[in-house]
Asker: 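This structure is in C-alpha cells; I'll ask about it shortly.
Counting begins at 1 with the first residue of the sequence.
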Amino acid sequence: QVQPVESGGGLVQAGDSLRLSCAASGRTFAWYAVGWFRQAPGKEREFVAGISWSGGRTVYADSVKGRFAISRDNAKNTVYLQMNTLKPEDTAVYYCAVDRTNQVVANRAAYDYWGQGTQVTVSS
C-alpha cells in the first residue's frame, strides 16, 4: 500500500510562494500518476494539478495555470507543487493522491490513496 504524506503548508500573504511536498510512505509511487487536490471550507474537493509517473505529462486546473507547477523526483519518491503568486482564494487544505492507473485526470474517483492534507492559508 502507498501512503502519501503532505508537507510544506503554512500561512503566507497574497503574492507569496510556497512549495508543497508529497512523499510516499510504504511502497514507492514512482510508477504511478500523482495528483494534487484542494478543499476550501464549505466547498467540494477540487483538482489542482496532476503528473504522470515519468513526469512527462502534467495537467492543471484553469484556476492555477501559469501560477502553479507540479514536478516529481522519483529517486526521492516525492512529488512537489510549487505555488507562486498565491491568492486568498487559494486558501484550502491541499491533498496529494495516487492514481495507480496513470490516467492523470481531474476525477477524484481515479485516485486510490490519499494523504491527510496540509493547510495553506493566504492572507490578503
Side-chain angles (χ1 to χ4, degrees):
Q1 185 169 343
V2 178
Q3 179 59 53
V5 179
E6 305 93 338
S7 62
L11 171 62
V12 297
Q13 294 187 330
D16 285 351
S17 298
L18 269 180
R19 188 177 79 160
L20 305 183
S21 297
C22 173
S25 175
R27 296 180 63 185
T28 179
F29 58 30
W31 306 112
Y32 306 137
V34 174
W36 283 98
F37 290 75
R38 67 186 181 187
Q39 188 166 17
K43 294 189 176 182
E44 293 280 322
R45 191 171 297 188
E46 64 176 3
F47 175 79
V48 175
I51 189 166
S52 63
W53 73 272
S54 67
R57 180 173 177 236
T58 56
V59 178
Y60 295 94
D62 288 343
S63 59
V64 306
K65 276 181 185 176
R67 299 189 298 123
F68 291 11
I70 189 170
S71 62
R72 67 190 302 159
D73 184 340
N74 284 340
K76 295 182 178 179
N77 220 15
T78 303
V79 173
Y80 305 98
L81 184 68
Q82 178 67 42
M83 306 186 295
N84 299 323
T85 320
L86 282 161
K87 304 176 181 179
E89 50 264 44
D90 294 318
T91 295
V93 177
Y94 282 71
Y95 298 90
C96 172
V98 174
D99 171 15
R100 292 182 295 169
T101 65
N102 282 304
Q103 298 180 69
V104 197
V105 294
N107 184 359
R108 287 183 299 172
Y111 294 83
D112 307 284
Y113 301 111
W114 292 80
Q116 294 299 307
T118 184
Q119 176 71 47
V120 172
T121 303
V122 185
S123 64
S124 57

Asker: Sequence neighbours left out, what passes salt bridge (Lys or Arg N to Asp or Glu O under 4.0 Å) with R19? Give chain and number order.
Answerer: none
Asker: What is the minimum heavy-atom distance between P88 and S124, and which atoms define it?
Answerer: CG-CB, 3.8 Å
Asker: Is there a path of hydrophobic side-chain contacts, each under 4.5 Å between heavy atoms, that joins Y80 and V98?
Answerer: no
Asker: State which residues pass side-chain hydrogen bond (donor to acceptor under 3.5 Å, both in side chains) with D62; sequence neighbours excluded, sorted by chain then number.
Answerer: K65
Asker: Parallel, tilted or perpendicular for F68 and Y94, by the 30°/60° rule?
Answerer: tilted
Asker: For R27, which residues count as a salt bridge (Lys or Arg N to Asp or Glu O under 4.0 Å) partner, sequence neighbours excluded?
Answerer: none
Asker: For I70, which of L20, V34, I51 qualifies under side chain to side chain contact (heavy atoms under 4.5 Å, CB included)?
Answerer: I51
Asker: To the nearest 0.5 Å, how far apart are CG in N102 and CH2 in W31?
Answerer: 10.5 Å
Asker: Any disulfide (SG to SG under 2.5 Å) involving residues 76-124? Give me the pairs, sequence neighbours left out, ordered by first then second residue.
Answerer: C22-C96
Asker: Check ring pair (Phe, Tyr, Trp, His ring centres under 6.0 Å) between Y32 and all other residues, then give those that pass, not counting sequence neighbours.
Answerer: none
Asker: Do you know the tightest heavy-atom contact between A92 and A40?
Answerer: CB-N, 3.8 Å
Asker: Any luck finding a side-chain donor-acceptor pair between N84 and S17 under 3.5 Å?
Answerer: yes
Asker: Supply the atom-to-atom distance M83 CE to D90 CG, rounded to the nearest 0.5 angstrom.
Answerer: 7.0 Å
Asker: Counting N and O atoms only, with roles assigned by atom type, does the side chain of R108 sit under 3.5 Å from a partner on the main chain of F47, one being a donor and the other an acceptor?
Answerer: no
Asker: Determine which pairs satisfy disulfide (SG to SG under 2.5 Å) with at least one residue from residues 36-75, sequence neighbours left out, and list them in order.
Answerer: none
Asker: Look at the side-chain heavy atoms of Ile, Leu, Val, Met, Phe, Trp and Tyr, link any pair under 4.5 Å apart, and say whether V122 and W36 land in one connected group.
Answerer: yes
Asker: Of Y95, W114, Y113, which meets side chain to side chain contact (heavy atoms under 4.5 Å, CB included) against P4?
Answerer: Y113
Asker: T58: which residues meet the side-chain hydrogen bond (donor to acceptor under 3.5 Å, both in side chains) condition with it, sequence neighbours left out?
Answerer: none
Asker: Once salt bridge (Lys or Arg N to Asp or Glu O under 4.0 Å) is applied, do any residues pair with K87, and if so which ones, sequence neighbours excluded?
Answerer: none
Asker: Give a yes or no answer on whether the side chain of E6 reaches the backbone of G117 with a donor-acceptor pair at less than 3.5 Å.
Answerer: yes
Asker: Could you name each residue pair satisfying disulfide (SG to SG under 2.5 Å) that touches residues 37-86, not counting sequence neighbours?
Answerer: none
Asker: Would you say the side-chain atoms of Y111 pair up with the backbone N or O of V105, donor to acceptor, closer than 3.5 Å?
Answerer: yes
Asker: For G35, is there any backbone N or O sitting under 3.5 Å from a side-chain donor or acceptor partner on D99?
Answerer: no
Asker: What pair of heavy atoms forms the shortest contact from S21 to T78, and how long is it?
Answerer: CB-CG2, 4.2 Å
Asker: With clusters defined by side-chain heavy atoms of hydrophobic residues (ILVMFWY) lying less than 4.5 Å apart, directly or transitively, does V59 cluster with F37?
Answerer: yes
Asker: List the residues meeting salt bridge (Lys or Arg N to Asp or Glu O under 4.0 Å) with E46, not counting sequence neighbours, and say none if there are none.
Answerer: R38
Asker: List the residues meeting side-chain hydrogen bond (donor to acceptor under 3.5 Å, both in side chains) with R100, not counting sequence neighbours, and say none if there are none.
Answerer: D112
Asker: Within the side chain of N77, is there an N or O that forms a donor-acceptor pair under 3.5 Å with the backbone of F29?
Answerer: yes
Asker: Check whether R67 reaches the backbone of S63 with its side chain - one donor and one acceptor, N or O, closer than 3.5 Å.
Answerer: yes
Asker: Please report the interatomic distance CG(L18) to CG(L81), rounded to the nearest 0.5 Å.
Answerer: 9.5 Å
Asker: Checking T121 now: which residues fulfil side chain to side chain contact (heavy atoms under 4.5 Å, CB included) with it, not counting sequence neighbours?
Answerer: L11, T91, Q119
